[in-house]
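Each remark here refers to the structure printed beneath this line.
Just so it is clear: chains get the letters A, B, ... in the order the sequence lines come, proteins before strands, and each one is counted from 1.
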There are 2 protein chains.
Amino acid sequence: MSKRTKLKDIADRLGVSITTVSRALNNKADINDETKREILELARQLEYRPNSLAISLRRNNTVPLVGVILPIINHYFFATVLKGIMSKAHLHNSLIIVGESLQDEKKEKKILNQFMDQGVSGIIIAPARNSNFEENIIPILHKRIPVVVIDRMYDNYKGNYVLTNDYNAAHKAVQHLLDNGYKKIAHIGSVDDKSIGTERKRGYIAALHQAKIDINEDYIILNDIDNPDLAIEKGFNATAKLFELPNPPDAIFAVTDDVAIGVIEYAKENNISIPDDLGLVGFSNAKMSNYIRPRLTTIEQNGFAMGQLAFDFFNKASSSNGEVFQKSFELNLIVRESSVQKSEV
Amino acid sequence: MSKRTKLKDIADRLGVSITTVSRALNNKADINDETKREILELARQLEYRPNSLAISLRRNNTVPLVGVILPIINHYFFATVLKGIMSKAHLHNSLIIVGESLQDEKKEKKILNQFMDQGVSGIIIAPARNSNFEENIIPILHKRIPVVVIDRMYDNYKGNYVLTNDYNAAHKAVQHLLDNGYKKIAHIGSVDDKSIGTERKRGYIAALHQAKIDINEDYIILNDIDNPDLAIEKGFNATAKLFELPNPPDAIFAVTDDVAIGVIEYAKENNISIPDDLGLVGFSNAKMSNYIRPRLTTIEQNGFAMGQLAFDFFNKASSSNGEVFQKSFELNLIVRESSVQKSEV
DNA sequence: TAACTTACCGTAAACGTTTACGGTAATTAC
DNA sequence: GTAATTACCGTAAACGTTTACGGTAAGTTA
C-alpha cells in the first residue's frame with residue numbers, strides 16, 4: 001500500500017508548484033488550460049483525494065461534528081432518538097457521525113477513539129451494557145469535550161444526561177395491573193447492569209411491596225434481550241416457563257413490547273385469553289403494539305424528544321463552563337386492551 | 001462571541017511557549033507542576049477546547065468519512081440499511097456521517113453540501129422522492145468523489161447503485177395471489193416519481209396482463225405514504241374506498257406492509273375475513289408482519305445486505321478508476337396466512 | 001572540581017492545504 | 001517604442017497542533 005498522494009506528489013512529478021496544482025483541482029483562475037489538463041490527468045492516475053482535515057483547518061470552516069453512539073441502530077427507539085438528535089443538529093448546522101456499539105464495550109471504545117481522531121466537538125452516547133466509564137468516558141472528559149449520556153446510566157455519573165424514569169414507569173404499569181384486579185403479577189425482565197432492566201424491576205417490586213404483596217421469585221424471569229429479533233422468542237419461552245409453574249401468574253409486566261409480543265404469541269398458541277386470563281403490559285410503545293391483538297397496554301417512550309433534548313444539552317454544555325444538564329423524563333402509560341378485563345370495561 | 005481560544009492565547013498570557021502549554025494539557029513529562037497547574041487553570045477559565053482538525057492533521061490519523069443520506073432514519077428498512085453500511089464501515093475503520101432528507105430535496109442538498117465541506121470521501125444516498133440529479137449529485141461527481149445510489153433510482157443514472165428488483169417482486173406477489181385463486185386483485189400503491197412505487201405498480205400490471213386480466217383503474221389507488229405513521233391510515237382509507245365499489249376486489253397487493261396493516265385493520269372492523277374473503281400481500285417484511293393476525297404474506301427486503309453491498313461498492317469505487325458497480329437484488333416472497341385461503345391449505 | 005545527570009523549557013519543523021502577493025513574459029494599446 | 005494589461009506561475013505565510021532536538025541551570029556524583 002503506497003502512501004496517499006498529496007498535492008506535492010503531483011507538483012513534483014509535473015515540475016510545477018503546489019499552488020498550481022491546487023488551482024487546477026479547485027477550478028480556479030490563473031492557470032493554463034494545458035497545465036490544468038495534465039494535472040487533472042495525473043491526479044486521476046494517482047487517485048488523488050484531498051485531505052479534508054487540512055482543508056478545513058486552512059479554511060477555518062469547521063462544521064461542528066457530534067458523535068452519536070447507540071447500542072443498536074435499527075431498533076425503533078434508538079432510531080427515533082437518532083432522528084430527534086438529527087432534527088436539532090440540522091437546525092444548528094451540525095453534522096452527526098454515528099456508531100453502533102452492538103453492546104460491545106471494546107467496539108464502543110474503538111468508535112469513541114475514532115470519533116476523537118475525527119475531531120468531534122461532542123459525544124452523545126447510549127452506553128453499551130458493559131460500558132466502562134473510567135476507560136471509555138473519562139478520557140473524553142479529560143479532553144474537555146462535552147458528553148451527554150442518554151437512555152442508560154453509569155454508576156455515580158455526575159455529568160449531563162437525558163434519561164427516562166423507568167422506575168416510576170414500571171411502578172405505574174404494575175399499579176395499573178393491580179388496579180384492574182390482577183393479583184399474581186409476574187415480570188419478564190432483562191439482565192442489565194445499567195439502569196434500564198434494574199430500574200424497571202425495582203419499580204415492579206416497589207409497586208407490589210406497596211400493595212403488600214409478597215415477591216414471588218418464581219415470577220421474575222430475567223433474560224438477555226439485547227437482540228430485538230430474539231426478544232420475542234425470549235418472551236415466548238419465559239411465558240412457557242411461567243405457565244409450567246404450579247401456580248401460574250394472572251398478569252405479566254414485560255420489560256419490552258417485543259417481549260410482550262412473545263407473551264401474546266404463547267397465549268395464542270395455548271388458548272390463554274388476554275386480558276381475561278392474563279393481563280399484560282409492555283414497555284416502549286413500539287408501533288406494533290397498537291396493531292397486534294389484543295392491542296397492547298404499554299409505556300410511551302418518547303425517543304424523539306429525548307434525542308432533541310440530548311442535542312440541546314450538548315449545545316448548552318459546549319458554550320457553558322462546566323455547568324451540568326440533567327433530565328429524567330416521566331413516562332405515560334397507554335392503556336389498551338391487553339390489561340383491562342372485558343368484564344371490567 | 002469571542003474567538004475560540006487556542007494554545008497560543010494561553011501561552012501568551014502566561015509568558016510560556018506553546019510547547020509548554022501543550023505539554024501541560026496533554027499530561028506529558030518535562031513540565032513543572034506549578035506551571036502545569038497555572039496552565040490548566042487558565043485553560044479552564046478561557047474554555048479552551050482543542051482543535052481536533054489540527055491534532056489529527058499533525059498526527060496523521062485521518063479516518064475515512066462516508067456520508068450517508070436517507071429519506072427517513074427511523075424507518076425499519078432504512079435503519080437496517082444503515083446498519084449494514086456501518087457493519088462494513090467498521091471493518092474498514094471508516095466512519096459514517098448521516099443525514100435525513102425527510103424527502104425534501106432542498107434539505108438533501110444542504111446536507112450534501114455540508115458533507116462536502118466536512119470532506120467526506122464518499123456518498124451513499126437513498127434519494128429523496130423529488131431529488132434533483134443534476135443539481136444534487138452532479139457537483140459531487142465533479143469533485144471525483146464516489147457516489148452509490150441505493151433503494152431509489154435516478155432516471156438514466158449510469159453510476160453505482162444497489163437496488164431491489166421491485167418490478168419482479170411485485171410481479172411475483174400478484175402471481176402468487178392469482179395462483180391462489182384470487183381474480184379481482186387491487187393495488188394500493190404509492191405516488192412516486194422515483195423507482196419504487198412505479199416499479200411495483202408496473203409489476204402488478206404486468207402480472208395481470210400476463211394472466212389476461214383487464215386492468216380495472218378503480219382497483220388502483222395511489223397514496224403518498226412517505227410518513228410511515230400515516231401509511232397505516234392511508235391503507236385503511238384506501239381499503240374503505242375499494243369496498244365502496246359496486247364490485248369490490250377479492251385481493252389486495254399493498255405497496256408496503258404498513259399499508260397492508262391498514263387493510264387488515266379495516267377488514268377487522270368490517271368483518272371481512274382475510275384470507276377467505278380477501279387475499280393480501282404486503283411488501284418489506286416488516287417485523288410486525290409476522291406477528292399480526294393473519295400473519296402477512298410479504299416480500300422480503302434485505303436492507304442489511306443492501307447496506308453492506310453499498311459500502312463495498314463505495315469501497316471498490318474509491319480504489320478503482322471510473323469502474324461502475326451495479327446490483328439489483330431479486331426479492332423473495334414470504335408466504336404466510338394472509339394470502340392462502342384456508343380451504344386451499 | 002570536573003563531569004554527569006536531571007528538571008524544565010523553547011525553537012522550529014512538520015501535517016496538507018489555501019491564498020495573498022509579487023513576479024515574469026507575452027500581448028495589447030496608444 | 002513605451003506603457004499598460006493579461007496570462008500564468010511561484011513564494012511564503014497561515015490554519016492549530018505535536019514533537020524531535022537542543023539548551024540552560026541546578027543538583028549529583030566521583
Side-chain angles (χ1 to χ4, degrees), chain A residues 2-40 43 46-65 116-121 142-145, chain B residues 2-40 42-43 46-65 116-121 143-145:
Chain A
S2 58
K3 290 230 8 123
R4 193 187 234 246
T5 60
K6 39 189 175 177
L7 292 190
K8 190 170 188 318
D9 301 326
I10 301 178
D12 288 351
R13 295 257 295 237
L14 257 44
V16 297
S17 76
I18 294 180
T19 309
T20 303
V21 179
S22 172
R23 274 195 272 252
L25 293 170
N26 289 10
N27 229 1
K28 299 252 170 161
D30 288 345
I31 186 168
N32 181 289
D33 281 348
E34 174 59 14
T35 325
K36 185 170 172 176
R37 209 193 47 71
E38 285 179 25
I39 291 173
L40 256 38
L46 299 183
E47 294 182 25
Y48 171 75
R49 249 173 255 291
N51 179 324
S52 45
L53 290 178
I55 296 176
S56 301
L57 178 59
R58 172 59 227 240
R59 289 209 185 126
N60 237 339
N61 63 347
T62 323
V63 182
L65 246 195
M116 301 308 286
D117 285 352
Q118 186 63 30
V120 295
S121 45
H142 271 157
K143 291 263 182 183
R144 319 193 56 252
I145 288 175
Chain B
S2 57
K3 288 227 14 115
R4 192 188 236 246
T5 61
K6 39 189 175 178
L7 292 189
K8 190 170 189 316
D9 300 327
I10 300 179
D12 288 352
R13 295 256 297 237
L14 256 42
V16 297
S17 76
I18 294 180
T19 309
T20 303
V21 179
S22 172
R23 274 196 272 252
L25 293 170
N26 289 9
N27 229 1
K28 299 250 168 163
D30 288 347
I31 187 169
N32 181 289
D33 281 348
E34 173 59 15
T35 325
K36 186 169 171 177
R37 210 194 45 71
E38 285 178 24
I39 292 175
L40 257 36
L42 186 58
L46 298 183
E47 295 182 27
Y48 171 74
R49 249 177 256 289
N51 179 326
S52 25
L53 289 180
I55 296 176
S56 300
L57 177 60
R58 170 60 226 238
R59 291 212 184 124
N60 233 339
N61 54 357
T62 321
V63 182
L65 246 197
M116 301 309 286
D117 284 351
Q118 186 62 30
V120 295
S121 46
K143 288 261 184 184
R144 317 190 51 253
I145 287 176

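Within residues 32-39 of chain B, the residues having any heavy atom closer than 4.0 Å to DNA chain C are, in order of number, Asn32(B), Thr35(B).
Rounding to the nearest 0.5 Å gives a distance of 11.5 Å between CG of Leu40(B) and OG1 of Thr35(B). Considering OG1 of Thr19(A) and CG of Asp30(A), their distance stands at 11.0 Å, rounded to 0.5 Å. Separating the CG atom in Leu53(B) from the CG atom in Asn51(A) is a distance of 9.5 Å, to the nearest 0.5 Å.
A donor-acceptor pair under 3.5 Å is formed between the side chain of Arg4(B) and the backbone N or O of Pro50(B). Side-chain N or O atoms of Arg49(B) include none that pairs as donor or acceptor with a backbone N or O of Ser121(A) at under 3.5 Å.
When the P atom of dG10(C) is taken as reference, atom CG of Asp12(B) falls 12 Å away, rounded to whole Å. Separating the CD1 atom of Ile31(A) from the P atom of dT19(C) is a distance of 15 Å, rounded to the nearest angstrom. Taking atom NZ of residue Lys28(A) and atom P of nucleotide dC9(D), one finds them 16 Å apart after rounding to whole Å. As a whole-Å value, the separation of Ile55(B) CD1 from dT19(D) C1' is 13 Å. For Asp30(B) and dG10(C), the CG to P distance is 12 Å, given to the nearest whole Å. Atom CG in Asn26(B) sits roughly 17 Å away from atom P in dG16(D) (whole-Å rounding). Leu25(A) has its CG atom 15 Å from the C1' atom of dT19(C), to the nearest Å.
Taking side-chain N and O atoms only, Tyr48(B) has no distance below 4.0 Å to OP1 or OP2 of dG16(D). Regarding contacts with the backbone of dG10(C), a side-chain N or O of Thr20(B) is found under 4.0 angstrom from either OP1 or OP2.
Val120(A) and Ile145(A) make their closest contact through O-CD1, 3.7 Å (heavy atoms, listed as atom of the first residue, atom of the second, distance).
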May I have the step-by-step check of side chain to side chain contact (heavy atoms under 4.5 Å, CB included) for Tyr48(B) and Leu42(B), ending in yes or no?
CA-CA 8 Å; Tyr48(B) 171 74; Leu42(B) 186 58; over 6 Å; no
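Using a 4.0 Å heavy-atom criterion, one finds that Lys8(A) contacts no nucleic acid atom at all.
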Polar pairs (N or O, both sides) under 3.5 Å between protein and nucleotides 11-15 of chain D?
{"residue": "dT11(D)", "atom": "O4", "partner": "Thr19(A)", "partner atom": "OG1", "Å": "2.9"}
{"residue": "dA12(D)", "atom": "N6", "partner": "Thr19(A)", "partner atom": "OG1", "Å": "3.4"}
{"residue": "dA14(D)", "atom": "N3", "partner": "Arg58(A)", "partner atom": "NH1", "Å": "3.2"}
{"residue": "dC15(D)", "atom": "O2", "partner": "Arg58(A)", "partner atom": "N", "Å": "3.2"}

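Among Leu14(A), Asp33(A), Asn32(A), Val16(A), the one residue that satisfies the side chain to side chain contact (heavy atoms under 4.5 Å, CB included) test with Glu38(A) is Leu14(A).
The stretch residues 6-20 of chain B participates, sequence neighbours left out, in these salt bridge (charged side-chain N to carboxylate O under 4.0 Å, His left out) pairs: Lys8(B)-Asp12(B).
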